[in-house]
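First up is the structure itself, then whatever we jot down about it.
Below, chain A is the first sequence line, B the second, and so on; all start at residue 1.
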Amino acid sequence: MNTPLILPDVALAPLLPIAITLLGAIAATLLGFFLPRRAITLISMVSLVLSGVSMVTLWNGGLTSFGGSLQADNVALSIGLIILLGSLMTLLVTYDSAARAKLAFPEFDAMLMYAVTGTLLIAFSGDLVTMLIGLEVMSLSGYVIATLQDSRRAEEAGMKYFLLGAVGSAILIYGIALVYGATGTLSYVGIRDATAGLQVQNVGLLVVGALLLLCGFGFKVALAPFHQWTPDVYGGAPTSVGLFLSTVVKVAAFAGMLRVFGGAMQNVPAWAGVLQVLIVATIVVGNLGALFQTNFKRLMAYSAVAHTGFLALALLGNPATGGPALTYYLLVYTLMTAGTLAVVSALQRTEAAFTLDDMRGLFYRHPAYAVALAVCLGSLAGLPPFAGFMGKYLAFQAAFQAGYVGLTIIAAMGSVAALIYYLRPAMLMFMPDRTPAREYPGERTPTTAAVVIGVVGVTVLGILPNLAYGLVANPAIWTVLAGR
Amino acid sequence: MESVPTSYYIALSGILFALGMIGVLTRRTAIMVFLSVELMLNAANLSLVAFARAWGDLVGQTAVFIVMTLAAAEVAIGLAIIVAIFRKRETTNVDDLASLKG
Amino acid sequence: MIHFFIFLPVLASLLIFLVPVRWREEFAGAAAGLTLAGGLWSWSVGGLSAYSINWIPALGVTYSVQMDGVSLLLGIVTAFMTLIAIIYAGKRIPNPGTMLSLILMMETGLLGIYAARDLVLFYVFFEDALIPALLMLAIYGKAHRMAALIKFAAYTLFGSLLMLISIIGVKYYGGSPTFALADLQAHPVTGTVQTWLFLGFLAAMAVKLPLFPMHAWLPDFHAQNHDSGVADVMGTLYKVGAYGLFRFGVILFPDAMLELRPILMALAAFTALYAAWIAFSQTDWKRLLAYAGLSHMGLVGLGIFSMNETAMIGALFLLAFQNVYTGALFLAAGMLQERVGSLSTKVGGIMTQAGALSGLTMTLWFASIAVPGLAGFIGEFSILLGAYQVSPWLAFLAGLSTIAAAAYALTAYQTTYWQVRPAGAVLAHDLRDLDWLILGAPVAVAIFFGIYSGPALALVQPVVRAWMNGLGGGV
Amino acid sequence: MALYWLPLLPLIGFLLLIVGGRWFSGTSGGWLGSGFIGAAFVVALVRFFGLSDVPAHETLWTWLPNMALGTGGVSANLNVGFYLDQLSSVMTLVITGVGFLIHVYSISYMREDARFTRFFALLNFFVAMMLILVLADSYPLMFVGWEGVGMASYLLIGFWFAGHKDHNAADGVNNSNAARKAFIMNRIGDLGFMLGMFLIYKVFGTLVIPELAGQEGTLAVTSRPLIELICLFLLVGAVGKSGQLPLTTWLPDAMAGPTPVSALIHAATMVTAGVYLIARSNFFYDLAPGASMWVAWAGGLTALYGALSALNQTDIKKILAYSTVSQLGYMFLAVGLHSYTAAIFHLVTHAFFKALLFLAAGAVIHALHEEQDVRKMGGLAKSMPFTHIVSLIGVLAISGIPIFAGFFSKDGILASAFAQNIPLYLIGLFVAFLTAFYMGRWYFLVWRGEYRGDTKLHPHDGDAVLSAPLGILAALATVGGFLNVPSFLGGGHVLDNFLGRAIPVHEHEILASTEWLATLIAVAVALAGLGWAFYEHRRRALQVGPLGQFSFQALYLDRLYTAVVGNGSKVISRGLDTVDNGVDGAMNGIVSNVGAPGWLVTIWQSGFVRAYALSMLLGTALIVGYWALKAIGGGL
């Protein structure tokens, strides 16, 4: 080994957004002993905002670090911003609901911030190891916050999440190992180059590795049949945790999938075919399962599963159309899911159940919340003028243009089923009802702020989609997902 | 130097992984389930090193360290969760955790 | 101006909540009146010309609107009936702020549908109108409204999502740079693909036409809506399938429409007769009106599908004016319910007590069953005449619906308004103040355009003729 | 005076009376309505005298798309336009003239009615529509009048929709049903009319009558079956409106309306629209011998049907109603034989004497306080001498007794039938015999013998307003025949010659002696019929006419229709309603079946974490295994 020692390419600038959130996490961990919990939350929020600012300054920079292991390209930045947005909304919701949810430990904020750090790492990743680290940091923190509430439900949820997550991680790691075996590299660019034209010696190994990766990611984003943890965890964990898991974590996992499958593995056969089957299964299972739910939180969990199917649809498309579609949809999905769950969080009296029956006549008790919830649900159902429509449309278009016509039609039919279960609660709210208010009566301004962000977001982005889509529409940034 | 072919390692790792899977499915105790998962991780580690040797590349080996670290972290968190549950329920049988369903 | 025309109502629908409660009716009325005035003004200047800017440049989605010809006619009718509905809602529904807001919101959706010259924009407006319609049903509906509502929404979305896929496909396969109609027209899709895309598009339009067997949402939708019939007016206006087929179907999928013409015409003719016949055994005015409207829509569909110039003119004419009298009939049913507390067709003897109500209702019914000299006739006659040129037997089949129409309308009318008022029944008072306007204005419109159809024809005929010539001298 | 004044005047009257009903107290509304008709009559007269050989054709405004001929092969829009030739001029005179008389009569007749003004509004509306019908220059515009009169007829038959004084439930139902039946049966005919128009348009590209009539070249080369079909379609329309077989049953029921309505609409004017339509379409029928034969036979059979049904009716108006059916049959017979002028002549005379008979019947009903059963009348000649005399004139006229109007007109029809189709002639002759009998029966039952009704009543002639129209009509029924005296009787065919300038007159070459013979036979038959009636009267056996229930039930035709068509369509309607629920249910079923696996999803979601792990790992194994198998099988 006579290779001269080469100093690692450590550019700090691209690291900045992640470092800031990490600092926030550490601060939360340490200061938790001295400051009240709300102060910690504020500090976390500030660090999120700062991280966001740093991302904005990095925009169009295309910087990389660690020899390409970390890349702050526009893909990473746009997804990173979505993650920050989701996290911010989570923090806003927890700011006043955490106490009610028996979650008001500084550790909660700390773990949340660690998770955010992990998610950002996934988005910024340039090789499989970085991605894996991010994924594990995110998952491990996720297990903790899912369990943190001192209740049997949360514990059960956490346990399930943890055990299944560990299995999923194991599958994923094994997949990484096989891909490494087939290509001899762990970096996205390397894999992409090695697989170009399928010159790899052991295609079988590569395909199996890719499929195992798909299964591992399938768990993280909740594709059927790897989705089964979702309803139990989202439904069992506190609402704010469910909010975080179903938005930020899912966004990050999709970012990983985008990097790995849209970038590194774009030439590898087989995974697209399998993904198609999984998407169909996901759409069917998610939508049908949701039809039979009476607990609104579980309903939203199944809805998250169903949306996974729609989101993955964009992944099937060519990266040039699928990438921006996925990003836009992720943003919208984050806004509307977070908005919905924020309303739930604001109104629920207990964490256990917010049933459809509770929603009857909500409009006459809390008109603003009801309208906000209706907007979010309408958006989830894909009704214009709300942004959910644009997301769905983009996903359909991406899949359609990649030739998956049949799949698009199935997805469209799934949307019809989706409409039914979104519509039922949405319309129940407007049906006159004379029972007295059952909602939590206290102060909840920050949660309301999160709701406002969600509602305004889906409305504005629905009417003027170009505000967000225009930023990511440039196909050039999506053809080099793996890095240069 | 006569060396063991890479495929042997891979076969062994595959067997270990399968054993881990079977363990996950058959054991009821959370701890045992968890240990089976560790077995799966180690199967992955084994193939990583094997491949690293085959490619003559160090990246795979470093990856193994990272995976081991992750596994350790996972153990920490997992045990904490298990303990928390055991304290409340006095059981680690995962089949007792089935109130969230449907 | 065109944006003012389209978006004034939705603006008002939001601002209305800032207006003190007791002024809301006046405010909504003023907004609707202004919109109508805008429409009439546009008419007087010969329509509002096209306006187009990029909406989502990266996707080729444009905001292209135009208000002339057929669009303008339908837009004005919409504005007119909305105004009528608002006047009645303000009078009839206690604390009507929400209802008024929803009506105005829906008006914008409908006007947008007519103005849109971009497929995605069309889709957006098409779905936009759905939301207030659902809310009206949810807030003001009757006991079984949830089922009706889900059914309505599911049918609509089932069709429109398939349409969405077609929309994506039309641009993709045609290679058009944008979704604007003009661009799509310049980059046509041909062959089998066109047929498949048309089928997707048709799914949405068949639901909204509605065409058998996609009509099942309609009776429940009307039966479950508020007794006043205000929401039904808007629901009637929302039956825009024929317009969509005319505006986009004929242009983008001419070969497919020709290819499927026999099947589609048969379905439409069957719908017309089938619905009319079913209406005969209805005993609830709203269900009866629902089926009557369905029957009319079958005729409209027949006209569009026949791809014959005269029939198509007739179809659009009928589409426009059936809104007036069907809508007004819903309101008349609402007035009946207001007076006797029932929507049954067996009430009996209303005319002995409320002559004007009964007389105006009867006039509307005569318009509805296409008695010549009233607006319904011009449409139905032209449709049947045109359809006969293409397929005599189907025209005959659809023509049978005119007999059935007389049967159901007069039977129900007789048992409600004629015959003897049962002893001890409540006294039905006659029309009062604004009631006169609410029923009288539609009657006046139905009579005026039935006799002097020139102005409306001038809006419809040139457009249709130009397109038919574009198809190769008509078919 | 422009032609549009003709329909416009009554329309103004209609609008004034319907909108401002409450402004007119007492009988002022009636006088106003009558005034408008009178004015229209004046216009009609002015235009009549202004007629030249070139028909007047005045177009107003655009109405229907693409239904006229334009220049250069592009179709033009159809205009609303009026067309006046000798045929329509005669019709306008009859409509406004007879209409005016009936209006005036109604002022007295309807005086007590609560909805007096509305009655006149509707009458005015009817006249307006009828004028549009006869003046229309295009088939669609004629259709406006066509359905317009149907609508007016509906409203007037159902004028007493709630029974006497709004409080007679059974009557209300009957009257309403009768009105509805009239409208619906007319609609059946109207569909035929429409189909006829569609076919005309398909063949000729226009629906404007002068344009069509002017297309002799095209007409001559058009394939015969098409023209036959057009004529058959139009026949369906005509049959519906004129109450011919098979669409006849509404007409007797239509007598549920007030008597002036029966006189004006269901005797004198509207029901003759079918005859007018065929006469107007003579350029088609002349080329369609087959369809014309259908027309003639429809007429002949209806004449027989009506006569047979009239034999044993007991309602004073029903007898007249069936008689109308029968007389309309004569007219159809005539137009079917292309004797258009004979048909129009009979139309005119029939308008006079049938209106007269109805109005006289109305006077009787009035005098007897709504009693309509002839079995409860009798001997009224003493108490109502004036009405008796005019009735007698009417009976003589309709029976075809010389010098009265019906003699000449019926003779013309029989003569042309004699010349062309002996079976139809024989039917016509037999019907003439029956006519004389049942009218004789009507006369004797009402006017002669002993009074059999409620003795508390003191019937008397009506007032001057009521009687004046009767007198005028009686005069017309007496002398109207001289309009068209045939040449063998020394006449000059005045009406034939006049109409001949507009519609073709087909001369039949019959020897004068033969014609004399035919005429004598006809008169003999009529006298025989009257004589039989008189004989039965003397036997006091008239109350039960011949044929018993068979006649009374109008050959059971109505019952047949109710059983088959009426109930049938109701059954089908309910069936379809069920089907529609089925469609709805099927859709719901599909949805719920598609949704049913949703339960499986929830069952799958068992809550056991190891089951979840099983799904995951099994899924992984399946995915990988499938590809492994595939790779082993055939490589990638």
Run the numbers on A/Val179 and B/Phe51 for side-chain contact (heavy atoms from CB on, under 4.5 Å), then give the verdict.
CA-CA 10 Å; A/Val179 170; B/Phe51 286 129; over 6 Å; no
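Judged as a salt bridge (charged side-chain N to carboxylate O under 4.0 Å, His left out), the pairs with a partner in residues 90-99 of chain B (not counting sequence neighbours) are, in order, B/Arg28-B/Asp95, B/Asp95-D/Arg610.
Between the A/Lys160 side chain and the B/Ala98 main chain, no donor and acceptor come within less than 3.5 Å of each other. Side-chain N or O atoms of B/Trp55 include none that pairs as donor or acceptor with a backbone N or O of A/Thr183 at under 3.5 Å. When atom types are taken as modelled, the side chain of A/Tyr180 and the backbone of B/Gly60 share a donor-acceptor pair closer than 3.5 angstrom.
Proximity to chain A (any heavy atom under 4.5 Å) is shown, for B/Ala54, by neither the backbone nor the side chain. Neither the backbone nor the side chain of A/Thr130 comes within contact range of chain B; no heavy atoms are under 4.5 Å apart. For A/Leu128, no part lies near chain B; criterion is any non-hydrogen pair under 4.5 Å. Both the backbone and the side chain of B/Ala30 come within contact range of chain A, each with at least one heavy atom under 4.5 Å from a heavy atom of that chain. Only the side chain of A/Gln293 comes within contact range of chain B, with at least one heavy atom under 4.5 Å from a heavy atom of that chain. Within the 4.5 angstrom heavy-atom criterion, atoms from both the backbone and the side chain of B/Ala52 approach chain A. Within the 4.5 angstrom heavy-atom criterion, no atom of A/Phe292 approaches chain B. At a 4.5 Å heavy-atom cutoff, the contact between B/Val67 and chain A is made by side-chain atoms alone. Only the side chain of A/Val129 comes within contact range of chain B, with at least one heavy atom under 4.5 Å from a heavy atom of that chain. When heavy atoms are compared at a cutoff of 4.5 Å, B/Val94 approaches chain A solely by way of its side chain, counted from C-beta outward. In this structure, the portion of A/Phe162 lying under 4.5 Å from any heavy atom of chain B is its side chain and not its backbone.
Atoms CG and CD, on A/Leu140 and B/Glu74 in that order, are 5.5 Å from each other to the nearest 0.5 Å. To the nearest 0.5 Å, atom CG of residue A/Leu178 and atom CD1 of residue B/Ile10 are 7.0 Å apart. Of the inter-residue distances, the one linking B/Leu70 atom CG with A/Ile173 atom CD1 reads 6.0 Å to the nearest 0.5 angstrom. Summarising the geometry, atom CG belonging to A/Leu186 is positioned 7.5 Å from atom CG belonging to B/Asp57; distances are rounded to the nearest 0.5 Å. Residue B/Arg87 holds its CZ atom at 9.5 Å from CG of A/Asp150, rounded to the nearest 0.5 Å. The structure places NZ of B/Lys101 at 13.5 Å from CD of A/Gln228, a figure rounded to the nearest 0.5 Å.
In terms of heavy-atom pairs under 4.5 Å with chain A, the best-connected choice from B/Gly78, B/Ser47, B/Ala63 is B/Gly78.
Inter-residue side-chain proximity for A/Glu136 and B/Ile66 is flagged as unmet; no heavy-atom pair is nearer than 4.5 Å. Using a 4.5 Å cut-off on side-chain heavy atoms (C-beta onward), B/Ser99 and A/Arg152 make no contact. Looking at heavy atoms from C-beta onward, A/Glu156 lies in side-chain contact with B/Arg89 at the 4.5 angstrom threshold.
Side-chain contact annotation: B/Ser13 with A/Tyr174, donor-acceptor N/O pair under 3.5 Å present.
For the pair B/Ala44 and A/Ala177, the tightest heavy-atom approach, listed with the atom from each and the gap, is O-CB, 3.8 Å. Across all non-hydrogen atoms, the minimal contact from A/Tyr143 to B/Ile81 is CB-CD1, 4.0 Å.
Not counting sequence neighbours, the partners of A/Glu155 by the salt bridge (charged side-chain N to carboxylate O under 4.0 Å, His left out) test are B/Lys88.
The local environment of CZ in A/Arg153 is crowded, with over 12 non-hydrogen atoms from other residues, nucleotides or ligands closer than 6.0 Å.
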